Amino acid sequence: MNRERLYLFDTTLRDGAQTNGVDFTLRDKQLIAGMLDELGIDYIEGGYPGANPTDTELFANRPKLTRACFTAFGMTRRPGRSVSNDPGVASLLEAKADAICFVAKSSAYQVRVALETTKEENLSSIRESVKAAKSAGREVMLDCEHFFDGYKEDPEFALACAKAAYDSGARWVVLCDTNGGAMPHEIESIVTEVVKQIPGDHVGIHAHNDTEQAVANSLAAVRAGARQIQGTLNGLGERCGNANLCSLIPTLRLKSEFSDAFELGVSPEKMANLVKVSRTLDDMLNRAPNRHAAYVGESAFVTKTGIHASAMLKDPQTYEHVPPEAIGNHRKVLVSDQAGRSNVIAELERAGIPYDKNDPKLVRLVEELKDREAAGYAYESANASFDLLARRTLGRVPEYFRVEQFDVNVEQRYNANGQRITVAMAVVKVDVAGERLISAAEGNGPVNALDVALRKDLGKYQKYIERLKLIDYRVRILNGGTEAVTRVLIESEDENGERWTTIGVSPNIIDASFQALMDSVIYKLVKSGAPV
């Protein structure tokens, strides 16, 4: 059976960046773009070039993507200006992007009140902007802002806006439920009318979640003929968020209504990384993952004791609508944990760590992971620490050196210029093959001082770590109060540009940081094949 192609458009870096409390750095955006590309997303909207320095720099030095279409977002020309005299349009045309997604009003009310212009001027702006981008050799799409509210008020004008874009050469005309108030039956009914005038394989849906129905509205649009879905990872977005791609992707791949009818760019193999992608994003944003999120949440496949658990142990399908492994999640029966072994084996294979399926140490590794995750460790986001934990449990990590003691002091004092400064000093004592080495260092904070001191002199191993550098440091408090537990994630880079992440967990932030620092150094030695 021939299946239609359904395209996924991610706007995490643009619409998701409008989430309250979210502030992406340039490095964040580059990493997330790479993660989305690896997942198999068709379009990645990087942001609004010219609107802020981060987005401008992102498009000046665009991420290296292997398959996704990197997309710039911006407004059509302003009323009363020509395309050639509009700096916003100029920024879009100059951006290093494969596609341009314009946004324009498609509601007569919004044109009249928000833009204070005429319907015809709005239509001219759409036509001229799309044609200019098309002439520049870009794939073009138009987000029809407030489309569904506009259609209910004045369907003729809303359709005219969509048609103006399509007739001018837009590859996609995206219908936006900007205020997030439309119901699924309204979406389906209106999209059905739209695809009578614009082919469905040129129509997209952009749903906001203000009634908790963005995913349902997106699926309703697909049923009615739309063939592009816009959304964000973990449902990020302004107000209540956007359609959640972490819910949409598994539904489209695992529910026969959609999987039998459509092909996706996200393969089954890539979808098995969805939990990791979801939690990596949360860790980057220093947010607690939603444990009750559909498909990817920690509790999505948890069953408590009782008749449910009894049935689950006989056949998981009794209480699971899809296999958790398909998304990279795992089942857990709280009285008898069934999770872990298959996931651990998959991670061992990914890391290239040799193992024997009959080795009883595998059982110990699964139990160790459970205990550590209960204590606050999150290995989905700390690949190097998982690698070391696995190697240690299976008996394959040498003791290159032993830290006998470390000490950190922070003091405020006046410098030679009479300025009051805060200085951190760390002292680390290590034993390297029987040789005791003591190193001291100052830093702009206790973690920086510890990092410098630890890597200042490791004797015969110094040459392996000379070009190792710490490039990111993230802290999250796992619970409140005076007994709060701290999780620290450290990202490191070696001389070849390879990066890895390590983790530490402790009630003491310095101790958690030192755990992560130690793992980073030891991982580098293991990776380099340093001799014992």
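If you're wondering where the values come from, they're calculated on a predicted model, not measured in any experiment.
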Which pairs with one or both residues in residues 228-239 pass side-chain hydrogen bond (donor to acceptor under 3.5 Å, both in side chains), sequence neighbours excluded? Asp143-Gln230, His206-Gln230, Asp210-Arg239, Gln228-Gln230, Asn234-Ser278, Asn234-Asp282
Taking C-beta and beyond as the side chain, do Glu45 and Leu13 meet within less than 4.5 Å on heavy atoms? no
For the pair Asp42 and Arg5, find out whether any cationic side-chain nitrogen is under 4.0 Å from an anionic carboxylate oxygen. yes
Tyr43/Phe70 aromatic ring centres below 6.0 Å: no
Kindly assign one of parallel, tilted or perpendicular to the pair His321 and Tyr295, based on the angle between their ring planes and the thresholds 30° and 60°. tilted
Answer yes or no: are there more than 12 heavy-atom neighbours, outside Lys152 itself, under 6.0 Å from its atom NZ? yes
Within 45° cone and under 6.0 Å: Arg77 NZ/CZ vs Phe102 ring: no
Reported OG-to-CZ distance for the pair Ser381 and Arg474, which is rounded to 0.5 angstrom: 7.0 Å
Are side-chain heavy atoms of Trp500 and Asp494 found at a separation under 4.5 Å? yes
Cation-pi between Lys119 and Phe157: NZ/CZ under 6.0 Å from ring centre and within 45° of the ring axis? yes
Just say parallel, tilted or perpendicular for the rings of Tyr48 and Phe73, cut-offs at 30° and 60°. perpendicular
Evaluate the criterion ring pair (Phe, Tyr, Trp, His ring centres under 6.0 Å) for residue pair Trp172 and Tyr7; output intermediate values, then yes/no. CA-CA 11 Å; Trp172 292 104; Tyr7 294 84; 5.4 Å; yes
Is the distance between the ring centroids of His330 and Phe301 under 6.0 Å? no
Between side-chain atoms of residues 188-195 and protein atoms elsewhere (two or more places apart, or another chain), which donor-acceptor pairs fall under 3.5 Å?
from: Thr192; atom 1: OG1; to: Glu188; atom 2: O; distance (Å): 2.6
from: Glu193; atom 1: OE1; to: Lys196; atom 2: NZ; distance (Å): 3.4
from: Glu193; atom 1: OE2; to: Lys196; atom 2: NZ; distance (Å): 3.0

Could you check whether the rings of Phe262 and Phe258 sit parallel, tilted or perpendicular, using 30° and 60° as the cut-offs? parallel
